[in-house]
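On a predicted model such as this, the values are computed, not experimentally measured, just so you know. In this chain, residues are counted from 1 in sequence order.
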Amino acid sequence: MMKISDIMKELCNKKNISVLELARQIDQTPQNFCKKLKRDTVTLEEVKQITDVMEVIFE
């Protein structure tokens, strides 16, 4: 099973957006967001924000 951080990075690659830009678009500092990805502590609410920004469906 893939980690949420791997899924987010893959999604960013597919959508041609950097992880840092994604962090800014969900109103987080890039440093904080990268730490969350590294620790794999992204919340469900943050995942929903990310999928809205990336215009993908979360299942």
Side-chain angles (χ1 to χ4, degrees):
M1 185 168 201
M2 289 181 76
K3 290 183 178 183
I4 192 73
S5 59
D6 295 332
I7 294 168
M8 292 298 123
K9 290 174 186 175
E10 186 176 311
L11 185 57
C12 284
N13 285 335
K14 288 182 180 179
K15 294 289 188 168
N16 290 325
I17 184 173
S18 71
V19 173
L20 301 179
E21 181 57 31
L22 175 60
R24 291 182 190 104
Q25 289 188 22
I26 62 169
D27 296 323
Q28 291 199 25
T29 63
Q31 296 84 0
N32 184 51
F33 188 64
C34 287
K35 286 179 184 178
K36 285 183 175 199
L37 287 177
K38 189 178 230 180
R39 292 186 309 247
D40 210 32
T41 57
V42 178
T43 66
L44 181 58
E45 184 60 37
E46 290 165 333
V47 171
K48 289 178 183 177
Q49 289 177 321
I50 292 165
T51 58
D52 287 345
V53 166
M54 301 293 244
E55 298 178 341
V56 294
I57 296 171
F58 176 64
E59 295 181 350

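Lys38 pairs by the salt bridge (Lys or Arg N to Asp or Glu O under 4.0 Å) definition with nothing, not counting sequence neighbours. Take Asn16 and apply the side-chain hydrogen bond (donor to acceptor under 3.5 Å, both in side chains) test, not counting sequence neighbours, and it matches no residue.
Counting heavy-atom neighbours within 6.0 Å of Lys3 NZ, excluding the residue itself, gives a total of 12 or less.
Taking CD1 of Ile50 as the start and NZ of Lys15 as the end, the distance is 13.5 Å to the nearest 0.5 Å. Note that CE of Met8 is 13.0 Å distant from SG of Cys34, once rounded to the nearest 0.5 Å. Atoms CG and CD, from Leu44 and Gln49 in turn, are 10.5 Å apart once rounded to the nearest 0.5 Å.
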Exercise answer: donor-acceptor pairs, residues 18-26 side-chain atoms, under 3.5 Å, sequence neighbours excluded:
residue : atom : partner : partner atom : Å
Ser18   : OG   : Glu21   : N            : 2.9
Glu21   : OE2  : Gln25   : NE2          : 3.2

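Applying the salt bridge (Lys or Arg N to Asp or Glu O under 4.0 Å) definition to pairs two or more places apart or across chains, those involving residues 40-52 are Lys36-Glu46.
By the 4.5 Å heavy-atom criterion applied to side chains, Val42 and Leu37 are counted as neighbours.
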